Amino acid sequence: MDFPKLGVWKVVFSILDGAWVVRTGIRTFHNVALLWLCLWFIMMHGHSPQRVVCLRKESVSDTGGNSMDKEDKQVRVRFAPSPTGALHIGGARTAYFNWLFARQHKGVFVLRIDDTDRARSTEASYQQILDSLRWLGLDWDEGPDVGGAYGPYRQSERMSIYTEQLEKLKQQNRVYPCFCTPEELQRERELAQREGRAPRYSGKCRHLSADEVASRLAAGESHVYRLRVESEGETVVHDIIRGDVVFQNAEIDDFIIWKADGTPTYHLASCIDDALMEISHIVRAEEHLSNTPRHVVLFEALGFEVPQFAHVPMILAPDRSKLSKRHGATSVSEYREQGILPQALINYLLLLGFSPGEDNEVLSREQAIESFRLDQVAKHAAVYDVKKLEWLNAQYYRAQSPDLVLAQAWAGFVERGWVAPDETNRERLAWLRTAIEFVLSRSRNAADLVEGLRYYFQPVNAYDPTGVKKQFADSDVSDRLRRIAKRLSEVSPFTTVVVEKEFRSLIEELGVKGGKLIHPTRLALTGVTVGPGLFDIMVLLGRDECVSRLELAAHRIETGNVTLTQ
RNA sequence: GGCCCCAUGGUCAAGCGGUUAAGACACCGCCCUUUCACGGCGGUAACGCGGGUUCGAAUCCCGCUGGGGUCACCA
């Protein structure tokens, strides 16, 4: 929008203002005056109010578009975990946002392993991170295992590249060797802390004479390299989520970019890789925001273009502290072990810090790609809520077909001895499928399913205590159970419709309320008070089993053994 | 402590100067039902505080408070 038009727009908006006043009620003389002014303006210019509204809508859609689409530069984003532990849910979300952004812009999602810390990096962690990402369905286009034109993708394999870039900086006198020992620096930091100063490097080695540097280097004295940072001016980080963030250069000290052991620090390696891998947008956790001015300075020192940044907020524990082990599951693999479905976890992660709009919060990966907007990611940290994750999991879990659930749960069934590993009996499998179908709608996860299925496979050795109090209390309850058993033993065919008919006729004969028979029967048959429809359970259990369980329960009630059994 | 970021119900989160301040989870009722779950209907519950700017502020500005991050030869 060019400048002269702005004035016109201002007037247009004033008119809209006036229209608002009319609708919301005229309260003040001022508003009345404004209304007349508006009417006058409209008449003078021959605009109807509808026309004006129309103009505004156009202006909104003009400025509301996604500016990314206009740039033809390819989107390249990366997720760069350090293999020093499991993939954290915070990391998973960062990876997901990167992935979404890449997929949405038909860009490239790069997986890079930031393992410059050789002491803490482990192969097991590397494998676990890859497994977790795959499980979540976050596929990468370039990475250590799949290769790509910008490899290698493990920093430990890129040492020659870093050395080369360091040489470049040395030649341009952008860095200088620093001989201060860690202990010395530690002492200085502590002193600064005590005196209330910012703990910043003093610059002691910055002005060493060329001779001294040469001789100390020749003597093989241990040293690091620091970047010369201008203390004048300011560095601006353009952040897609937060807008411009300004840092005074005086706040940035001559930070270390090369360690004494001859390896680059994270800052150096990361910037070199991002530049050389032509990363267009760095989407990473908020904890890096404070480091970003250093990175901007580094990119510039290296002579590289500065990529765009987006710092996504952190995920906090319910007490608003940093998420840690004591808050329960924090890694993707733990959720996986707990029976959380990847679709559910990924969906939940999206909702943490982003609102897809509309009312639907249960959305597929494809819908997520479509609705995701990086610039609309929340600025504030989110507290994670297991309850909502579990609810989402239930949504996905129940939506699965019984056959799929059967396949997934099979190993667990075998382990419990509920099915033979090589079961091929058609009736048995169909029966199992039906049992699952009835329990599935009442299950939030695999553990619920197992619980709901238990009594089909195991004898009832305990009865729910509150159920006993309520349903087994009547003096004639054991007698009723025996009569039910007797009646059932004569039912044929033993199918839901027939069983229910017989059951209900017995209710009538006895002249009691349905619940008086139904509830004790359920408890006798399953040991619990909840579950699928009673007649469905009966048919699945089979006539003989029902009869014997009813008689056993009756016997236990009569002998007072009902609460003692284990 | 310096610097940086942030602030709407218990939690997630709409909102972009005029709204009865959405929606979801959780919680509480009611309905459905042989129980439970699902589902349906309804309810409780929020703009951290103080100053401005404005006819009008959750929305813009300043301060405070609170939370978080960072200041490593970790990433």
Side-chain angles (χ1 to χ4, degrees), chain A residues 17 20-21 23-25 27-31 34 80-82 84 114-117 119-121 178 181-182 185-186 189 192-200 222-225 237 239 242 245-248 250-253 255-261 263 265-267 269-270 285-293 311 313-314 316 318 320-322 348 351-355 357-362 378-392 394 398 439 441-444 448 452 467 471 500 503 513-515 517-519 521-523 528-535:
Chain A
D17 238 3
W20 244 118
V21 169
R23 270 190 290 159
T24 51
R27 292 198 193 92
T28 64
F29 175 76
H30 173 93
N31 289 340
L34 190 58
S82 72
T84 54
D114 282 10
D115 58 350
T116 50
D117 185 351
R120 294 201 306 150
S121 297
C178 170
T181 64
L185 295 170
Q186 182 65 31
R189 263 199 298 278
Q193 284 277 17
R194 266 200 306 276
E195 292 178 1
R197 289 180 290 117
R200 204 162 286 118
S222 175
H223 63 283
V224 300
Y225 283 92
V237 174
D239 191 285
R242 285 152 216 285
V245 183
V246 182
F247 295 84
Q248 296 304 312
E251 296 292 333
I252 312 169
D253 65 356
F255 58 99
I256 296 169
I257 60 159
W258 199 264
K259 302 184 239 178
D261 65 359
T263 62
T265 61
Y266 157 75
H267 303 294
S270 170
E286 187 189 352
E287 54 184 323
H288 289 289
L289 183 55
S290 298
N291 284 325
T292 306
H311 288 94
M314 311 203 54
L316 265 31
R320 304 217 124 250
S321 71
K322 203 166 177 172
Y348 180 65
L351 262 25
L352 223 46
F354 181 74
S355 170
E358 297 156 38
D359 280 353
N360 185 24
E361 295 201 330
V362 183
K379 297 182 177 79
H380 56 271
V383 170
Y384 94 122
D385 177 20
V386 197
K387 282 272 171 47
K388 189 154 182 177
L389 171 60
E390 284 167 355
W391 172 80
L392 264 170
R398 284 194 280 256
V439 174
S441 63
R442 286 154 237 273
S443 306
R444 295 168 76 89
D448 281 358
Q471 313 302 349
E500 178 161 8
F503 201 95
K513 279 190 145 188
L517 288 199
I518 287 172
H519 299 315
T521 303
R522 174 187 294 281
L523 189 59
V528 292
T529 58
V530 300
L534 179 62
F535 306 110

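Order of the sequence lines sets the chain letters (A, B, ...), proteins ahead of strands, with each chain counted from 1. Heavy-atom basis, side chains included; hydrogens, waters and symmetry copies ignored. The structure presented is a predicted model; accordingly, all values stated were derived computationally and were not measured.
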Taking the C1' atom of each, how far is B/rU44 from B/rA26, in whole Å? 12 Å

Got a salt bridge between A/Glu286 and A/Lys379, using NZ or NE/NH1/NH2 to carboxylate O under 4.0 Å? no

How would you label the contact of A/Glu251 with the nucleic acid (heavy atoms, under 4.0 Å): base, sugar-phosphate, or nothing? sugar-phosphate

Tell me the interatomic distance from A/Phe247, atom CZ, to B/rC3, atom P, rounded to whole angstroms. 12 Å

A/Lys513 atom NZ is separated from B/rU33 atom C1', nearest whole Å, by 14 Å

Separation of A/Asp239 atom CG from B/rC6 atom C1', in whole Å? 13 Å

If only atom types and distance count, is the side chain of A/Arg320 paired as donor or acceptor with the main-chain N or O of A/Val383 below 3.5 Å? no

Within-4.5 Å side-chain heavy-atom neighbours: A/Thr116 and A/Thr265: no

Assign A/Val246 to base, sugar-phosphate, or nothing according to its heavy-atom contacts below 4.0 angstrom with the strands shown. sugar-phosphate

Using Watson-Crick geometry (N1-N3 plus N6-O4 or O6-N4) or G-U wobble (N1-O2, O6-N3), each under 3.5 Å, B/rA13 is paired with none

Rounded P spacing from B/rC47 to B/rG9 in Å: 7 Å

Kindly say whether, by distance alone, the side chain of A/Arg442 makes a donor-acceptor pair under 3.5 Å with the base of B/rC36? yes

Partner lookup for B/rG2, please. Criteria are Watson-Crick or G-U wobble with both distances under 3.5 angstrom; report none if nothing qualifies. B/rU70

Integer angstrom distance from the P of B/rA46 to that of B/rA58: 15 Å

Atom NE2 of A/His311 to atom C1' of B/rC4: distance rounded to whole Å? 11 Å

Which value, in whole Å, describes the distance between the P atoms of nucleotides B/rC16 and B/rA21? 13 Å

Using purine N1 to pyrimidine N3 plus N6-O4 or O6-N4 for Watson-Crick, or N1-O2 and O6-N3 for G-U wobble, each under 3.5 Å, what pairs with B/rA22? none

Which nucleotide in B/rA75, B/rC4, B/rU34 has an atom nearest any side-chain atom of A/Arg522: B/rU34

For A/Asn360 and A/Gly353, take the nucleotide of RNA chain B holding the closest heavy atom to each; which residue's nucleotide lies nearer the 5' end? A/Gly353

Measure from CD on A/Glu390 to P on B/rC12 and round the result to the nearest Å. 17 Å

Sequence-distant partners of A/Arg442, salt bridge (charged side-chain N to carboxylate O under 4.0 Å, His left out), two or more places apart: none

Between protein and nucleic acid, restricted to nucleotides 64-74 of chain B and to nitrogen or oxygen atoms under 3.5 Å apart, what atom pairs and distances do you find?
residue: B/rG69; atom: O2'; partner: A/Glu287; partner atom: O; Å: 3.3
residue: B/rG69; atom: N2; partner: A/Ser290; partner atom: OG; Å: 3.0
residue: B/rU70; atom: OP1; partner: A/Glu287; partner atom: OE1; Å: 3.2
residue: B/rC71; atom: O2'; partner: A/Pro199; partner atom: O; Å: 3.2
residue: B/rC73; atom: O2; partner: A/Ala260; partner atom: N; Å: 2.7
residue: B/rC73; atom: N4; partner: A/Cys180; partner atom: O; Å: 3.2
residue: B/rC74; atom: OP2; partner: A/Lys259; partner atom: NZ; Å: 2.7
residue: B/rC74; atom: O2'; partner: A/Asp117; partner atom: OD2; Å: 2.7
residue: B/rC74; atom: O2'; partner: A/Arg120; partner atom: NH2; Å: 3.0
residue: B/rC74; atom: O2; partner: A/Arg120; partner atom: NH2; Å: 3.2

Between P of B/rU11 and CH2 of A/Trp391, the distance in whole Å: 19 Å

A/Arg522 side chain vs A/Gly533 backbone, donor-acceptor pair below 3.5 Å: no

Base, sugar-phosphate, or nothing for A/Ser355, non-hydrogen atoms under 4.0 angstrom? sugar-phosphate

Pick base, sugar-phosphate or nothing for A/Gly467, based on heavy-atom distances below 4.0 Å to the nucleic acid. nothing

Looking at A/Asp385 and A/Lys388, is any side-chain nitrogen of the basic one under 4.0 Å from a carboxylate oxygen of the acidic one? no

Pair assignment for B/rC30, Watson-Crick or G-U wobble, requiring both distances under 3.5 Å: B/rG40

Who pairs with B/rC64 - Watson-Crick or G-U, where each distance is under 3.5 Å: B/rG48

Touch class at under 4.0 angstrom, heavy-atom based, for A/Gly531 against every strand present: base

Rounded C1' spacing from B/rA7 to B/rG43 in Å: 28 Å

Determine the contact category for A/Phe535: base if any of its heavy atoms lies under 4.0 Å from a base atom, sugar-phosphate if only primed atoms, P, OP1 or OP2 are that close, otherwise nothing. base

Rounded to the nearest angstrom, tell me the gap between atom CG in A/Asp385 and atom P in B/rC27. 11 Å

Nearest-Å distance once atom C1' is located in both B/rG67 and B/rC73: 32 Å

Between A/Arg242 and A/Leu289, which heavy-atom pair has the shortest distance, and what is it? CD-CD2, 3.8 Å

Using a cut-off of 4.0 Å on non-hydrogen atoms, how would the nucleic acid contact of A/Leu351 be classed: base, sugar-phosphate, or nothing? sugar-phosphate

For A/His223, what residues pass the ring-ring contact (aromatic ring centres under 6.0 Å, His included) criterion, not counting sequence neighbours? A/Phe179, A/Tyr225

Which whole number of Å gives the distance between the C1' atom of B/rG15 and that of B/rU8? 9 Å

In the strands shown, is B/rA75 matched to any nucleotide by a Watson-Crick or G-U wobble pair with both distances under 3.5 Å, and which? none

Say you pick atom C1' in B/rA13 and the same atom in B/rA24; how far apart are they, in whole Å? 8 Å

Think A/His380 has a side-chain N or O under 4.0 angstrom from the OP1 or OP2 of B/rA13? yes

Quick one: closest heavy-atom pair of A/Ala382 and A/Leu352, and the distance? CB-CG, 3.8 Å

Can you tell me if A/Thr84 uses its side chain to pair, donor with acceptor, with the backbone of A/Arg120 under 3.5 Å? no

With sugar-phosphate meaning primed atoms plus P, OP1 and OP2, does A/Ala378 contact a base, only sugar-phosphate, or nothing at under 4.0 Å between heavy atoms? sugar-phosphate

May I ask which nucleotide in the shown strands pairs with B/rU54, Watson-Crick or G-U wobble, both distances under 3.5 Å? none

Closest to side chain of A/Arg398, choosing from B/rC25, B/rA13, B/rA37: B/rA37

Separation of atom CG in A/Leu392 from atom C1' in B/rC38, rounded to whole Å: 16 Å

Would you classify A/Pro532 as touching base, sugar-phosphate or nothing, given that sugar-phosphate means primed atoms plus P, OP1 and OP2, and contacts are heavy atoms under 4.0 Å? base

